[in-house]
Amino acid sequence: MPRSSELSDFEKGIIIGYHKCGLSLRDISSYLEYPKSTVAYVIKKWKVSGDYRNEPRVGRPTKLGDRDQRVLSRELRKNRTQPMAVIRKEFQRASGSIVAMNTIRKEAHLQGFHGRAAAHKPLITKSNRATLLMWCKAHRNWTVPIHGKLNADAYCTILDDNVLPTLWQFYGLDPCYFQDDNASCHVSTLTKAWYGANGVHRMDWPAQSPDLNPIENLWDALHRRIQGCTTRPKSVKELLFLLQAEWKKIPLAVIQRLVESMPRSVHAVIASREGSTNY
């Protein structure tokens, strides 16, 4: 019976076993239904080399040599945000090697580089970018602790019921700073009057600056905790209870790390020249 694939090591071992038992090439071929030429080749290889097993194939040589691989790695690191077509063009210019796009893509994967969609960043207006950069330069060495509460509904009531008692508990009559993100309810006439009446210093803060606000990272941590819960809330009341329970479970060390990350956030904004950062 004709065969279209190479014999396995096990099948070749059976041929050698029959041969050692004294069977002829014709009988082995008939019993196993292998071509007589195949049986003869296996036995001859075993007699000459002492081994009948399949040898590993070298395969097609790689298109890129060691130098090309180093050049590609350098171009990939230098042009992380560029399309693969641009990286291929720069690689060919630097190395002098002409290769297909699939070759570049496969080698990039082997080196641990993979395509990723850019994370969405909020659009920041040109004027707010300039204000943000000015604020960071003015506060690059600033280490005042940040305490923030963000809520757009009945803001002054929340300040009275939640924020003010917290400020009294931790600071007493000592001066303190309160940070918000310049939402409309944060800068209303009523809110400003509340700050003045209660002796609370409102922190100077640039608009559209989520990169600088550590509370955004804390909201994200809370969101991941809620997503990880096995029980899903079935009502607003249950959701509120779950939020409060998970909020209390966030370690203080997490909050402390976020506070300590502020100087790095400020320097990152300065380094990005008014653009977005990884914070």
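No hydrogens, no waters, no symmetry mates; every other heavy atom, side chains included, goes into these values.
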Worksheet item: Residues sharing Val86's hydrophobic cluster, by side-chain heavy-atom contacts under 4.5 Å among ILVMFWY, directly or via others?
Response: none
Worksheet entry | Considering all heavy atoms, the nearest Arg67-Ala94 contact | NH2-O, 3.8 Å
Which side-chain N or O atoms in residues 222-229 pair as donor and acceptor under 3.5 Å with protein atoms at least two apart or in another chain?
| from | atom 1 | to | atom 2 | distance (Å) |
| --- | --- | --- | --- | --- |
| Arg224 | NH1 | Asp220 | OD2 | 2.1 |
| Arg225 | NH2 | Lys249 | O | 3.4 |

Discussion item. Suppose clustering is done on Ile, Leu, Val, Met, Phe, Trp and Tyr with side-chain heavy atoms closer than 4.5 Å. Which residues sit in the same group as Val48?
Written reply: none
Worksheet item: For the residue pair Ile16 and Trp46, what are the closest heavy atoms and their distance?
Response: CD1-CB, 3.5 Å
Discussion item. My understanding is that only residues two or more places apart in sequence, or in another chain, count here; which of them pass side-chain contact (heavy atoms from CB on, under 4.5 Å) with Lys36?
Written reply: Leu25, Arg26, Ser29
Worksheet entry | Under the side-chain contact (heavy atoms from CB on, under 4.5 Å) test, residues paired with Gln92 that sit two or more places apart | Arg88, Ile98, Val99
Practice prompt. Starting from the C-alpha separation in whole Å, work towards a yes-or-no answer on salt bridge (charged side-chain N to carboxylate O under 4.0 Å, His left out) for Lys78 and Glu75.
Written response: CA-CA 5 Å; Lys78 186 171 63 176; Glu75 293 299 327; 3.4 Å; yes
Worksheet entry | Closest approach of Ile104 to Met84 (non-hydrogen atoms, all atoms of both residues) | CG2-SD, 3.5 Å
Fill in: side-chain contact (heavy atoms from CB on, under 4.5 Å) involving Ile14 - partner list, sequence neighbours excluded
Phe10, Tyr18, Leu32
Discussion item. Can you list everything that forms a side-chain hydrogen bond (donor to acceptor under 3.5 Å, both in side chains) with Tyr195? Sequence neighbours excluded, please.
Written reply: Asp180
Item to complete: Check whether Leu218 and Leu239 end up in the same hydrophobic cluster, where Ile, Leu, Val, Met, Phe, Trp and Tyr are linked by side-chain heavy atoms less than 4.5 Å apart.
Response: yes
Worksheet entry | Nonpolar side-chain network containing Leu110, other nodes, edges under 4.5 Å | none
Discussion item. I want to check something: taking the side chain as every heavy atom from C-beta on, are Leu76 and Phe91 in contact at a cut-off of under 4.5 Å?
Written reply: no
Worksheet item: Does Lys234 have any side-chain hydrogen bond (donor to acceptor under 3.5 Å, both in side chains) partners at least two apart in sequence or in another chain, and if so, which?
Response: none
Discussion item. Under the rule for side-chain hydrogen bond (donor to acceptor under 3.5 Å, both in side chains), what residues qualify as partners of Thr103, not counting sequence neighbours?
Written reply: none
Worksheet item: Can you list the residues that meet the side-chain contact (heavy atoms from CB on, under 4.5 Å) rule with Asp9, with sequence neighbours excluded?
Response: Arg53, Asn54
Fill in: Any donor-acceptor N/O pair, Gln111 side chain to Gln69 backbone, under 3.5 Å
yes
Practice prompt. Just jot down the salt bridge (Lys or Arg N to Asp or Glu O under 4.0 Å) partners of Arg93, sequence neighbours excluded, or say none.
Written response: Glu90
Discussion item. Taking the side chain as everything from C-beta on, heavy atoms only, tell me whether Ile215 gets closer than 4.5 Å to Leu258.
Written reply: no
Discussion item. Is there a path of hydrophobic side-chain contacts, each under 4.5 Å between heavy atoms of I/L/V/M/F/W/Y residues, joining Leu243 to Trp247?
Written reply: yes
Item to complete: Report yes or no: do Met101 and Val71 belong to one cluster of Ile/Leu/Val/Met/Phe/Trp/Tyr joined by side chain heavy-atom distances under 4.5 Å?
Response: yes
